[in-house]
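To start, the structure under review is shown below, and the notes come after it.
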Protein chains: 2
Amino acid sequence: MDRTATVPLLAEAFRAHGYQGASLAVLSAATGLGKGSLYNFFPGGKEEMAAAVLAGIDSWFETNVFAPLRTAGSDGTAIDRMFDSVTDYFRSGERICLPGAFALGRERDVFADAVSGYFERWIAALADALEAQGIAAARARASATDVVAGIQGAIVVSRALSRPEAFVDSLARLRAAITA
Amino acid sequence: MDRTATVPLLAEAFRAHGYQGASLAVLSAATGLGKGSLYNFFPGGKEEMAAAVLAGIDSWFETNVFAPLRTAGSDGTAIDRMFDSVTDYFRSGERICLPGAFALGRERDVFADAVSGYFERWIAALADALEAQGIAAARARASATDVVAGIQGAIVVSRALSRPEAFVDSLARLRAAITA
DNA sequence: GTCTATAAAGCGATAGAC
DNA sequence: GTCTATCGCTTTATAGAC
C-alpha cells in the first residue's frame, strides 16, 4: 500500500464521519493501516490527510468537470455531461460534497484555499460554458453560482429527508432551467 | 439562569463549532455555566442539549416562517416575508442552518425526526403558499423544494467563498424566480 | 442551582522494535 | 514500511460539597 492508494479510502472515511468524527482509529480501520503507517505517509497527521483528500477531490473535478466546461462549445453537451458526472459522483445525494461540508464548519478556515478554490473554479468553469452559449458574462456567472449552490442544497435536502430521489429530481430541474 | 435561557447560547455554540466540535468545555464557556449546571438542566448531556436547540430552531421557524406561509393569500407577500426573515436569520450566510449542517453528518441519524421534520414542513408550507397563488400542487412542491435547497446551497457557497454578499444575491434571484 | 474534583475512556501524536 | 506500546491531553459524565 502506498500513500496515493490510501487517499480514496481516507476520503470515504471523512465523508462518512466528518473531519472531527474521523478519528485516527476510524482512519486506521478505513485504510487497514496502523496509526504508525499513516503517520509515515502523512507526518502532519489528520490535517495533512484531509488536505490530501481535498487535493484528490479537486484533481478529479478538474479533470472530469472543470476542464471540459472551460473548453465547451456552443451546444450544451458539456453542461449536460457535468450533470451526468455530478449525479454519479454524489451517488444520488448519498455521498456528500466534502468541500461543501467543510464550508459549514471550522474546517473552512483551516482548508480555506482548497475550499474556496474548488467552488470558485467550478463556478467560473460553468460560467465559461454558459458564455460559450452566448450568455452575457454577468448573467452567466449568476446562473453558474445558482446551479452550483442548487446542487449543494440538493445534497442537504435529499439527505435531510433521506430521499435520494429528491437529489436526482432537483438536478433534473436545474439542468432543464439552465439549458432552456 | 434557567434552562430555556441557555438554549439560544447553546445554539450559537453548536452553529460555530458543529456538533462534535462543541465540547462541554465550549458549551460551558458559551453559557457561563459549569458542567454540573448543564447536566442539571440536560441530564442527557450534549445530545439532549442539541435536541433542545433543534426544538428551539423549529419553534422559531414554525412561528415566523412556516405558519405565515400556510395561511398565505393569493398575493406574494407571505413569500416575500419569508425571504426577509430568512435573510435576517442566517445573517447573510454567516450563520449556518443547523438542521442543514446536521443533515450532512452522522447527526442526521441521531436527530432524524427533527432534521427531516424541519425541511419537510418548510417545503410543505412554502408549497401551500404557492398553491394559494394558483400554482398546481406538483409544480408548487417542486418549486418549494428548489427554493429551500437553493437557500441551503447559498449558505454553503457564500461561506466557502467567504462572500456574504453571494448569499444575499442568491436569495434575491430565488425570490425573483419564484415570484415571477 | 452551582460549583470543583475526579473518574474512565478516547483522542492525536510519538517512540522504537522488527 | 508496518506494527505495538505509550505519552500527555481532552473528552463525556458523575459525585459530592456548598
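Predicted, not measured: the structure shown is a model, and the values here were computed from it. Labels below follow one simple rule: chain letters A, B, ... track the order of the sequence lines, proteins then strands, and each chain is numbered from 1.
- Between B:Ser37 and A:Pro43, it is B:Ser37 whose nearest contact on DNA chain C lies nearer the 5' terminus.
- Looking at heavy atoms from C-beta onward, A:Asp84 lies in side-chain contact with A:Arg175 at the 4.5 angstrom threshold.
- Atom CD of A:Gln20 is separated from atom P of D:dT12 by 11 Å (rounded to the nearest Å).
- The distance from atom NZ of B:Lys35 to atom C1' of D:dA15 is 14 Å, rounded to the nearest whole Å.
- Counting any heavy atom pair closer than 4.0 Å across all strands shown, B:Gly34 reaches sugar-phosphate atoms only and no base atom.
- The side chain of B:Phe41 sits closest to C:dT2 out of C:dC11, C:dT2, D:dT2.
- Of the candidates B:Thr31, B:Leu27, B:Val53, B:Thr31 is the only one forming a side chain to side chain contact (heavy atoms under 4.5 Å, CB included) with B:Leu9.
- Contact of the B:Met49 side chain with the B:Phe41 side chain is not registered, since no non-hydrogen atoms from C-beta on lie closer than 4.5 Å.
- Note on B:Ser23: a side-chain N or O is less than 4.0 Å away from OP1 or OP2 of D:dT11.
- Between A:Asn40 atom CG and D:dT4 atom C1' there is a gap of 15 Å when expressed in whole angstrom units.
- One atom, CG of B:Leu27, and another, P of D:dT10, lie 17 Å apart when rounded to the nearest Å.
- Look at A:Glu120 and A:Arg141 and you find a salt bridge, because one of the NZ, NE, NH1 or NH2 atoms lies within 4.0 Å of a carboxylate O, short of that distance.
- Nucleic acid contact for B:Gly45: sugar-phosphate only, since backbone atoms but no base atoms lie under 4.0 Å from a heavy atom of the residue.
- With a 4.5 Å cut-off on side-chain heavy atoms, A:Leu161 and B:Ile123 count as touching.
- As rounded to whole Å, 9 Å separates atom C1' of D:dT11 from atom OH of B:Tyr39.
- Taking atom CG of B:Leu24 as the reference point, atom P of D:dC9 lies 20 Å away to the nearest angstrom.
- Counting to the nearest Å, the P atom of D:dT12 and the CZ atom of B:Phe42 are 15 Å from each other.
- Distance CD (B:Glu47) to C1' (D:dA13): 14 Å, rounded to an integer number of Å.
- If B:Lys46 and B:Gly36 are placed on DNA chain D by their nearest nucleotide, the residue sitting closer to the 5' end is B:Lys46.
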